[in-house]
Amino acid sequence: MSTVSCSTASSSRGCGTSFPSKTSSLPALNPPNFIRIGTNSQSDILSSHRLTLVHENRKAWSSTVPMALVDERQSTGQNVAHPPRILAYDLVQGDLVKWRWKEDKSVPDTPTAVLLHGILGSGKNWGTFARRLAHEFPTWQFLLVDLRCHGDSASLKKRGPHSVASTASDVLKLVGQLRLTPRVLVGHSFGGKVVLSMVEQAAKPLPRPVRAWVLDATPGKVRAGGDGEDHPRELISFLRQLPKVVSSKNEVYNALMEEGFSNDVAQWVVTNLRSTGPSSSSFSWAFDLDGIAELYQSYEDTNLWNFVENLPRGVHVNFLKAERSLHRWALEDLQRIHAAEELASEEGGGVEMHVLEDAGSHG
């Protein structure tokens, strides 16, 4: 298994191939730690998968969900002389993925899934999940994207507005330049709405059928959790009040704890601090907080119910809800999704709702 990492923040960094390293599970606002997707066969046409969520040290509960992945392969070459400067990304590939030059039509496209993180996250949040999937499905590859204002994409100054729609447009441009035809799109929280917006915006480079997984997000109103729980809006607001350059990570950690944020959130947030120079003892943020504040406002404001309730043929949307999510799912949300299931029940399109019992997910 290999990982092709392309940071588009600097033309000097370019792309390279590296072997994956161990990462720990991510707390709080990060995506849930998905352990495996099993299948009845190792063929290139994957169907009827078992998707299991593990929350910290709790027992794993599973939900059997159909996930029709079609045998398609990408058309990027191993050596990319001029990588796209749209977004930073990692490409995690199974051992049986066959490289080929863009001009080489003798090798079919590689089946590809795109994984999008939540607010204040990065593509690396999905690293463990993607490597496990690549091990399970060695003919597949998984594109892990740093969305605008996040991770290594933060230094690529994007024109406003910073919104769900513009973020989706970025990812569509990236997969277009990489000449990928993703069959599966997975997005957590904010990334879930981005996934819906991608399918709404584009006939190409997305093929039909395409399957979208929206993890712990609804198409419309964002409903915060209860009092005393970590909430992205409050966290973003507080981080914007801190100095842009700090002398130590402990300084930020202590400030977060004093403000009442959880230990998990405080520990995770400081991982987004980067040294300001090789010999410097000061740190600055690895993301654009002003842009992220605008993105989060768009996340709350964006309403994609009309798209979900009128899915075009060949689009399949799966909503996955963690039972103990900090994102409150109102009865109205559940009723509308189940109603959309019926509306899209005719052949060629579909909506499905899945609940992971006793599982938690933030962000």
Side-chain angles (χ1 to χ4, degrees), residues 4-16 29-30 76 80-91 114-126 143-180 187-191 193-195 197-198 201-202 205 232-233 235-246 252 269-278 280 282-302 363:
V4 179
S5 180
C6 186
S7 169
T8 59
S10 168
S11 59
S12 63
R13 293 182 65 178
C15 299
L29 302 174
N30 296 335
T76 47
V80 183
H82 302 288
R85 295 179 57 83
I86 299 172
L87 295 169
Y89 65 90
D90 290 316
L91 191 61
V114 176
L115 308 180
L116 303 183
H117 60 79
I119 212 76
L120 290 173
S122 72
K124 291 180 174 60
N125 293 171
W126 290 104
L143 183 68
L144 285 57
V145 181
D146 285 357
L147 300 175
R148 64 163 58 201
C149 304
H150 291 78
D152 287 336
S153 293
S155 61
L156 297 173
K157 301 305 180 184
K158 296 290 185 181
R159 291 184 179 180
H162 297 303
S163 65
V164 168
S166 62
T167 304
S169 178
D170 291 342
V171 183
L172 288 170
K173 289 176 182 176
L174 176 64
V175 298
Q177 284 205 12
L178 293 175
R179 299 192 182 183
L180 305 179
H188 173 247
S189 192
F190 172 79
K193 272 194 178 177
V194 173
V195 160
S197 183
M198 286 176 65
Q201 289 185 41
R233 174 181 285 282
L235 177 60
I236 294 166
S237 177
F238 180 72
L239 294 179
R240 293 177 75 190
Q241 298 173 25
L242 298 178
K244 292 188 177 180
V245 178
V246 296
V252 175
V269 165
V270 298
T271 65
N272 290 289
L273 287 167
R274 301 286 184 269
S275 175
T276 56
S280 174
S282 59
F283 298 85
S284 61
W285 294 112
F287 39 55
D288 173 4
L289 280 171
D290 292 337
I292 285 175
E294 192 175 340
L295 288 174
Y296 190 78
Q297 184 63 53
S298 173
Y299 172 56
E300 290 196 335
D301 294 342
T302 298

Sorted by chain and residue number, the side-chain hydrogen bond (donor to acceptor under 3.5 Å, both in side chains) partners of Ser197 (sequence neighbours excluded) come out as Gln201
Worksheet item: Is the closest side-chain heavy-atom distance between Leu144 and Lys124 below 4.5 Å?
Response: no
Exactly one candidate in Leu147, Leu295, Thr167 meets side-chain contact (heavy atoms from CB on, under 4.5 Å) with His162; the answer is Leu295
With sequence neighbours left out, the residues meeting side-chain contact (heavy atoms from CB on, under 4.5 Å) with Val195 are Leu116, Leu185, Ala212
Using atom types as modelled, flag every donor-acceptor pair under 3.5 Å from a side chain in residues 235-246 to any protein atom, sequence neighbours excluded.
from	atom 1	to	atom 2	distance (Å)
Arg240	NE	Asp290	OD1	3.1
Arg240	NH2	Asp290	OD1	3.0

With sequence neighbours left out, the residues meeting side-chain hydrogen bond (donor to acceptor under 3.5 Å, both in side chains) with Thr276 are Ser280, Ser282
Are Gln177 and Leu87 side-chain neighbours, meaning at least one heavy-atom pair lies under 4.5 Å?
no
Taking the six-membered ring for Trp, is the centroid-to-centroid distance between His150 and His117 below 6.0 Å? yes
With a 4.5 Å cut-off on side-chain heavy atoms, are Leu120 and Trp285 touching? no
Smallest heavy-atom separation, Pro161 atom then Arg148 atom, equals O-NH1, 3.6 Å
### Query
Hey, does Val145 have a side-chain heavy atom less than 4.5 Å from the side chain of Leu174?
yes
Note: Val164 and Ser298 closest approach over all heavy atoms is N-OG, 2.9 Å
Output for pair (Tyr89 OH, Asp152 CG), nearest 0.5 Å, gives 12.5 Å
Margin query: Side chains of Ser166 and Ser169: any donor to acceptor distance under 3.5 Å?
Written below: no
side-chain hydrogen bond (donor to acceptor under 3.5 Å, both in side chains) filter on Glu300, not counting sequence neighbours, yields Arg233
**Message:** Using side chain to side chain donor-acceptor pair (under 3.5 Å), reason through Ser189 and Tyr299 one step at a time and then give a plain yes or no.
**Reply:** CA-CA 9 Å; Ser189 192; Tyr299 172 56; 3.3 Å; yes
Residue set satisfying side-chain hydrogen bond (donor to acceptor under 3.5 Å, both in side chains) with Asp90, at least two apart, ordered chain then number -> Ser5
Value for CG (Asp288) from CG (Leu156), rounded to nearest 0.5 Å, stands at 11.5 Å
So OG of Ser122 and CG of Asn272: to nearest 0.5 Å the spacing works out to 7.0 Å
So OH of Tyr296 and SG of Cys149: to nearest 0.5 Å the spacing works out to 16.0 Å
